Amino acid sequence: MKGDPMKAIVQDRYGSPDVLQLREIDTPVVGDGEALVRVQAAGVDQGVWHLMAGLPYLVRLAGVGLRAPKNRVPGTDVAGRVEAVGENVTRFRPGDEVFGTCRGSFAEYACARADRLAPKPASLGFEQAAAVPVSGYTALQGVRDRGKVRPGQRVLIIGAGGGVGTFAVQLAKEYGAEVTGVCSTTKTELVRSIGADRVVDYTREDFADGRTRYDVILDIAGNRPLSHLRRALAREGTLVIVGGEGGGRWLGGIDRQLRAHLLSPFVRQKLGTWIATQRTEDLETLGELLEAGKLTPVVDRTFPLSEAAEAIRYLRDGRARGKVVITV
């Protein structure tokens with residue numbers, strides 16, 4: 001289909017959302033092991049902002065481009081219909097409704113590795129499905145693999161009202177935990193409605209006041225000092241740092257994660273972090289939970305493709321309750 005023009009959000013340099021422009025570019029050509037997806041919706045997460053801004057600078061050293069982004073079309077979460085498949089793809093055929101991850105989902109068409117896609121749960125619309133992959137992977141791996149949450153444990157989720165947090169609350173409940181969600185005033189009712197046993201409004205009370213110690217703490221996109229988090233953690237509890245904000249232009253929140261990793265061998269508490277990985281089996285697990293009604297995507301707002309910059313600004317302002325999604 002190369003040569004056929006499509007609309008896409010394009011950036012030629014790093015910067016604020018102002019660098020994003022709606023343009024016509026060539027539709028990508030499907031390669032071996034790939035599917036060309038007609039995008040219906042694309043999720044927005046903090047990673048999209050980091051790659052757009054090129055911050056922290058450490059991100060650029062990870063291979064995304066030192067001076068300008070190598071991938072000019074942003075977006076990772078995708079939901080849509082298969083338009084065409086490359087050689088060696090047997091799982092999907094044109095017309096199939098899918099969701100998953102790819103490069104460049106802020107566009108009318110995107111190519112995705114077939115092993116990064118799964119059938120879209122029939123019970124979900126495209127906007128809901130697009131809210132799942134990146135945040136769902138992160139929550140699932142944080143709760144199940146890193147936190148090793150078990151029935152009866154006390155679990156504290158900081159950032160419970162955001163994209164990852166709303167999935168983490170539901171997953172921790174599914175694994176049998178007693179869940180406390182930490183969020184701002186405007187998100188307390190939402191967090192309670194998705195199953196949290198207790199909600200802490202951080203503008204009014206301190207979760208580390210010593211009254212309760214937690215077996216597992218998930219700190220999502222936070223910037224609180226390690227010492228503060230450890231005060232709320234049980235003596236042999238597990239702290240899982242999921243991303244992080246603040247901390248300067250070079251390291252962002254990564255310096256806090258490094259300190260946790262270095263300190264962990266010397267204390268009884270397990271302090272750690274990781275980067276979520278895109279695994280087919282995890283996407284299928286999420287799909288099964290969604291289909292069974294045990295997991296529900298929380299979509300705050302949708303924006304048309306032409307307003308992608310505004311969608312990212314809305315997310316960065318911290319106002320989003322759950323996920324922000326772009327419709328194409």
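Computed from a predicted model, the values in this text were never measured in an experiment. The first residue in the sequence is number 1, and the count goes up from there.
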Item to check | Listed partners of D206 passing salt bridge (charged side-chain N to carboxylate O under 4.0 Å, His left out), at least two apart | outcome: none
Item to check | Selection residues 308-328 - residue pairs positive for ring pair (Phe, Tyr, Trp, His ring centres under 6.0 Å), sequence neighbours left out | outcome: F303-Y314
Checklist entry - Can you name the residues that form a side-chain hydrogen bond (donor to acceptor under 3.5 Å, both in side chains) with T212, not counting sequence neighbours? => result none
Checklist entry - Taking only residues at least two apart or on different chains, which pairs with a member in residues 187-228 satisfy ring pair (Phe, Tyr, Trp, His ring centres under 6.0 Å)? => result F207-H228
Checklist entry - Quick one: ring pair (Phe, Tyr, Trp, His ring centres under 6.0 Å) pairs with a partner in residues 5-28, sequence neighbours left out? => result none
Checklist entry - For R268, which residues count as a salt bridge (charged side-chain N to carboxylate O under 4.0 Å, His left out) partner, sequence neighbours excluded? => result E236
Checklist entry - Regarding R116 and Q278, is there a side-chain donor-to-acceptor distance under 3.5 Å anywhere? => result yes
Next on the checklist: Between Q170 and I194 (side chain of the first, backbone of the second, donor and acceptor by atom type, cut-off under 3.5 Å), is there such a pair?
Outcome noted: no
Checklist entry - Taking only residues two or more places apart in sequence or in another chain, which ones pass side-chain hydrogen bond (donor to acceptor under 3.5 Å, both in side chains) with R319? => result D317
Next on the checklist: Y175: which residues meet the side-chain hydrogen bond (donor to acceptor under 3.5 Å, both in side chains) condition with it, sequence neighbours left out?
Outcome noted: none
For a quick test of your reading: what N or O donor-acceptor pairs under 3.5 Å do the side chains of residues 282-290 make, sequence neighbours left out?
residue, atom, partner, partner atom, Å
D282, OD1, R144, NH2, 2.9
D282, OD2, Q141, NE2, 3.0
D282, OD2, R144, NH2, 3.4
D282, OD2, R279, NE, 3.1
D282, OD2, R279, NH2, 3.0
E284, OE2, R91, NH2, 3.4
T285, OG1, E281, O, 2.9

Checklist entry - Does any donor atom in the side chain of S264 or K270 lie under 3.5 Å from an acceptor atom in the other side chain? => result no
Checklist entry - Listed by chain and number, what are the salt bridge (charged side-chain N to carboxylate O under 4.0 Å, His left out) partners of R81, not counting sequence neighbours? => result E97
Checklist outcome for this item: Sequence neighbours excluded, the answer for salt bridge (charged side-chain N to carboxylate O under 4.0 Å, His left out) partners of K294 is E174
Next on the checklist: What I want to find out is whether K120 reaches D96 closely enough, with some N-O distance under 4.0 Å, to be called a salt bridge.
Outcome noted: no
Item to check | All side-chain hydrogen bond (donor to acceptor under 3.5 Å, both in side chains) counterparts of R235, not counting sequence neighbours | outcome: none
